[in-house]
Amino acid sequence: MQNLIKHFLISITWIFVITNAHAQNPIIRDQFTADPTARIFRDTVFLYPSHDIKAPEGMGLRKDWFCMEDYHVFSSVNLTDWTDHGVIVTQNKVPWVRPNSYSMWAPDCIEKNGKYYFYFPAPAKDTIYGRGFSIGVAVANKPAGPYIPEPTPIIGVHGIDPCVLIDKDGQAYLYWSARNIYVARLKENMVELASEPQIIANLPEKGLKEGPYVFERNGIYYLTFPHVENRTERLEYAIGSTPEGPFKMAGVIMDEAPNGCWTNHHSLIHYRNQWYLFYHQNDLSPKFDKNRSVRIDSLFFNADGTIRKVIPTLRGVGITNVTRQIETDRYSFKSESGAFVELIDTINTFNGWKTILTEQNAWIQYNAVDFGTKKPKSVNTRVFSETGGELEIRLDNPDGNTLSEIKIPATSAWVTINAKVPDFEAGIHNIVLVLKSNNPIEIDWVQFLKN
Ligand code: FUB
C-alpha cells in the first residue's frame, strides 16, 4: 500500500511541474542537489544532479555519510529560472539496485537518435555484478522522462560517476571512476561495452580522483575531474587529442572550497555563447558537507585553449528581473567592513540568507538587474531593525546615483517597507544597498514594483 501511494505521488510530480526561481547560488533552494551534470537538449539546459537527503535512521552505506534515494531532473532556458520535473529514477524501482541502499550517486544523461540515456551508479543487490558500485542505464523518449531502467547494470563496469561523450564520428565513450579513471567504448545500443575498460594514464597518482567529465572544444578533448591534491577535492583537468587520450595534466579549474566542503563535482556547457561551470558546495548545510547544493558560474578559456580558474561566487549567473525579490545576500561585492551575510534560520536553512549592514556607509552590491523599459514606481524592502535606521539604494556602484531612500522604523519582526522610486534611465543596472544611519539593519530582499 505504502509503495502504491509513493508511486502515485511520483506520478503526480511528473504531471505537475514545480517551479523554483533562483538566479543566484545555490540555484535550487527547496532540496539538496549535488554532482550536477548539465546537458543541452534542443536549446534547453537540463540538469541531472544527485539528490542528497538527510539519512533516515540506519539507512545509507555509512552513518553520517552520503544518502540518496532518487534523482530529479531540472530544466531552464535562462539559467535563472529552473523547473523541477520531479523524480525520474528511484532506487527501489530499478530491478538490479540493492533495495534501500540509498546510494544513487552522480549521474549523467546523453541523447542518441532521439532517445535519452540516463547513466547512474548504485550498489547492485546481486554479487554476480561485483561488489561495490555498478553503473546502470534508464532510457526515455524525452529529457525529463519517463525513464525505464534497464534490467541489469552495464556488464564489465565497476565504479561510480559515469560520464558519456559521443564523438564527432558518432562513437560513444563511457568514463567512470574507481580509484583510477576508466574509459571504454559503448556499443551502438548505448547500454553495453564495445571495448575493454582502460585506465586513463598520466593522471595524479596520489589523492582520490573521481567524477570525470569529458568534452571536446576546437579539437581538444578535456578530461576534467575532482582530485584531492591537498586536503579536499579541487577541480583539475587534462587534455588530449582523442577521447581515449593520451591525456596530459593541464591545470586547476577550481580550488578547494573555502568552507571545507570535502567533495566537488562538476560539468561544463557552452550555452548561448557563454561557457558555464556547474559544481556544488554545501551552502544549505554548513555543518554537514554531505548535503550539498548546485551552483553555476561563468567559465572562460584562454586563447591557447587552457581554462581560466573559476572563482566561486554567490551572485552566480544570469540577469535578474527587477520585479523579482532580489536577494542582496547573493552579492557581487561588499564593503570590507560592516557588511555580513547570515542564514535567516540556522535550523531551517531552506529559508535562505539575509544581509546585515552594521555601520554607516557599509554597502552590498548586486550586479545585473534588468529594469526593462518601464521604470518601477516604488520598491519594497523586507527588513528587520530593532533600532530603526535609513538605507539608500544606489545605482551601478557604491558612489552611484541614489535611486531610493528608505526610512525604517524600529521593528520587532520582519516588515516590508515601501519607498518611492523617481525617474531614471531604466535598462540593466547593478544595485547597491548603503546604510546611511549608524544602527544595524537586516535585509531579506528588495523588490521593485512597476504598478
Ligand atoms: O555524491 C556522491 C559522490 O560524492 C559522488 O559520486 C562523487 O563524485 C562525490 O561528489
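Whatever order the structure lists them in is the order used to number ligands and atoms, beginning at 1. Model, not experiment: these values are computed from the prediction.
- No hydrogens or angles considered: a donor-acceptor pair under 3.5 Å links the side chains of Asp84 and Gln31.
- The shortest heavy-atom contact between Pro243 and Leu165 is CB-CD2, 3.8 Å.
- Nearest non-hydrogen protein atom to atom 9 (C) of ligand 1 is Glu210 OE2, 3.5 Å.
- Ranking the protein heavy atoms by distance from atom 3 (C) of ligand 1 puts Trp105 CE3, 3.7 Å first.
- Taking a cutoff of 4.0 Å between a charged side-chain nitrogen and a carboxylate oxygen, Lys290 and Asp52 do not qualify as a salt bridge.
- Nearest non-hydrogen protein atom to atom 4 (O) of ligand 1 is Arg292 NH1, 3.2 Å.
- With ligand atoms numbered from 1 in the order given, ligand 1 contributes 10 (O) to contacts under 4.0 Å with heavy atoms of His280.
- Interface of Ala106 with ligand 1, defined as ligand atoms under 4.0 Å from a residue heavy atom, comprises 6 (O).
- The protein atom (non-hydrogen) at minimum distance from atom 6 (O) of ligand 1 is Asp161 OD1, 2.4 Å.
- Among all heavy-atom pairs drawn from Asn264 and Glu233, the shortest one is N-OE1, 2.8 Å.
- Taking the side chain as every heavy atom from C-beta outward, Gln91 and Met68 never approach each other to under 4.5 Å.
- The closest protein non-hydrogen atom to atom 10 (O) of ligand 1 is Asp35 OD1, 2.7 Å.
- The atoms of ligand 1 that sit less than 4.0 Å from any heavy atom of Met68 are 1 (O), 2 (C).
- Atom numbering of ligand 1 starts at 1 in the shown order; those under 4.0 Å from a heavy atom of His265 are 7 (C), 8 (O), 10 (O).
- Across all their heavy atoms, Phe371 and Ile431 have their closest contact at CZ-CG2, 3.8 Å.
- A salt bridge links Arg185 with Glu244: at least one charged nitrogen is closer than 4.0 Å to a carboxylate oxygen.
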